[in-house]
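Atom set for the values below is all heavy atoms of this structure, side chains included, hydrogens, waters and symmetry mates excluded.
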Amino acid sequence: MGSVATDYTNQIEYSDEIAEFSPEVVEEMKSHLTKYPEGRQRSALIPLLFVIQRERGWIDNPGVNFLARFLDLEVSDVWETATFYTMFNMRPIGKHHIQICKTLSCNIMGEPEITDHICSKLGIEPGGTTEDGKFTVTMVECLGSCGTAPMLQVGFDFHENLDREKVDELLDSLD
Ligand code: FES
């Protein structure tokens, strides 16, 4: 069985480095703060983590250090939130992040076969990234689409009621 996304928290490389961002990105981050009441800026953590992930490709320690300073939080507060949600990548990932749901409904509706098919086509194990950096496959817990199992997510898009043919079409469509 492949690793789930949160397993990567034990591979985090810690450092004291603080990430730097362009003035435009910092302005974007500040605009997120204005959406929350005074004194509740911590609530902006999730949208800000999305900005860090978009800018740096994943949630790395320098990005976390930046957010802690930006929000006047402990670094552990930022890690606490970042590592709780599988939508935040704790390691570098490929251009297309294929997240396969491995929970009960998907599992009994054919997830193991789908996972084997995808991984053998891409030549990687669950949790791996192709050598060309194009695809990463991650096994995740329920994505809330159990009625259309088996399913997976690529980026922000769901792909549901999967079979081998649909998987082949999907992989062919990702350039
Ligand atoms: S079990 Fe797969 S989406 Fe819920």
Side-chain angles (χ1 to χ4, degrees), residues 2-103 106 118 126-130 132-146 148 151-160 170-171 173-175:
S3 306
V4 295
T6 47
D7 289 346
Y8 300 102
T9 53
N10 60 10
Q11 298 172 22
I12 292 168
E13 287 182 20
Y14 295 99
S15 82
D16 293 329
E17 185 187 341
I18 298 176
E20 292 181 15
F21 297 96
S22 69
E24 292 76 23
V25 172
V26 174
E27 279 309 308
E28 179 190 357
M29 292 187 186
K30 285 181 182 168
S31 78
H32 283 297
L33 298 185
T34 65
K35 298 172 187 164
Y36 301 93
E38 194 53 44
R40 301 279 181 179
Q41 273 65 28
R42 181 178 179 156
S43 302
L45 202 41
I46 288 182
L48 291 174
L49 281 165
F50 272 118
V51 175
I52 297 285
Q53 181 158 278
R54 185 195 70 209
E55 291 297 312
R56 298 185 68 81
W58 55 299
I59 305 296
D60 62 353
N61 202 168
V64 167
N65 291 341
F66 175 92
L67 273 193
R69 195 178 59 171
F70 189 71
L71 291 171
D72 196 21
L73 295 173
E74 296 295 330
V75 169
S76 57
D77 293 330
V78 181
W79 279 125
E80 206 172 75
T81 300
T83 56
F84 182 79
Y85 297 100
T86 58
M87 60 205 181
F88 296 122
N89 304 314
M90 294 295 113
R91 69 203 196 286
I93 56 160
K95 180 179 177 189
H96 301 293
H97 191 194
I98 301 172
Q99 298 183 74
I100 306 173
C101 172
K102 70 181 191 65
T103 308
C106 287
I118 291 173
T129 298
T130 54
D132 60 4
K134 194 169 166 189
F135 298 101
T136 294
V137 172
T138 302
M139 307 306 296
V140 298
E141 302 294 348
C142 180
L143 289 168
S145 188
C146 320
T148 54
M151 60 81 66
L152 59 76
Q153 181 174 352
V154 182
F156 289 106
D157 297 326
F158 277 11
H159 300 271
E160 302 161 304
L170 172 62
L171 292 179
S173 73
L174 299 171
D175 57 12

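Y36 and S43 make their closest contact through CD2-CB, 3.4 Å (heavy atoms, listed as atom of the first residue, atom of the second, distance).
In this structure the side chain of W79 reaches within 4.5 angstrom of the side chain of M90, judged on heavy atoms. Using a 4.5 Å heavy-atom cutoff, the side chains of Q41 and F70 are not in contact. Using a 4.5 Å heavy-atom threshold, the side chains of F135 and I118 count as separate. Using a 4.5 Å heavy-atom cutoff, the side chains of M29 and F66 are in contact. Side-chain contact between K102 and E141: present, with at least one pair of heavy atoms (C-beta onward) separated by less than 4.5 Å. Contact annotation: the side chain of K35 approaches that of H32 to within less than 4.5 Å [non-hydrogen atoms, C-beta and beyond]. Between L152 and V140, every side-chain heavy-atom pair lies at or beyond the 4.5 Å cut-off. For the pair I46 and M87, the minimum side-chain heavy-atom distance is below 4.5 Å.
Under the 3.5 Å distance criterion, the side-chain polar atoms of K95 are matched with a main-chain donor or acceptor of D175. Using modelled atom types, no side-chain atom of N89 and backbone atom of Q53 make a donor-acceptor pair closer than 3.5 Å.
Under a cut-off of 6.0 angstrom, the local environment of CG in D16 is sparse, with at most 12 non-hydrogen atoms contributed by other residues, nucleotides or ligands. Residue-environment remark: CZ (R40) stays at or below the threshold of 12 foreign heavy atoms within 6.0 Å.
Taking CE of M151 as the start and CG of L143 as the end, the distance is 4.5 Å to the nearest 0.5 Å. To the nearest 0.5 Å, atom CG of residue L73 and atom CG of residue L45 are 6.5 Å apart. Of the inter-residue distances, the one linking L48 atom CG with E28 atom CD reads 9.0 Å to the nearest 0.5 angstrom. The CD atom of Q153 lies 10.0 Å from the OG atom of S145; values are rounded to the nearest 0.5 Å. Once rounded to the nearest 0.5 Å, the distance linking CD1 of I59 with CG of L67 reads 7.5 Å. Note that the OG1 atom of T129 and the CD1 atom of I98 stand 10.0 Å from one another [nearest 0.5 Å].
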Intermediate values then yes/no, side chain to side chain contact (heavy atoms under 4.5 Å, CB included), T103 and C106
CA-CA 6 Å; T103 308; C106 287; 5.9 Å; no

Working note: V78 + L49, criterion side chain to side chain contact (heavy atoms under 4.5 Å, CB included); need CA distance, chi angles, decisive distance, verdict.
CA-CA 9 Å; V78 181; L49 281 165; 4.2 Å; yes

Verify side chain to side chain contact (heavy atoms under 4.5 Å, CB included) between L71 and L33, making sure each step is shown before the conclusion.
CA-CA 9 Å; L71 291 171; L33 298 185; 3.5 Å; yes

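Classification of the Y85-F88 ring pair by plane angle, with boundaries at 30° and 60°, yields perpendicular.
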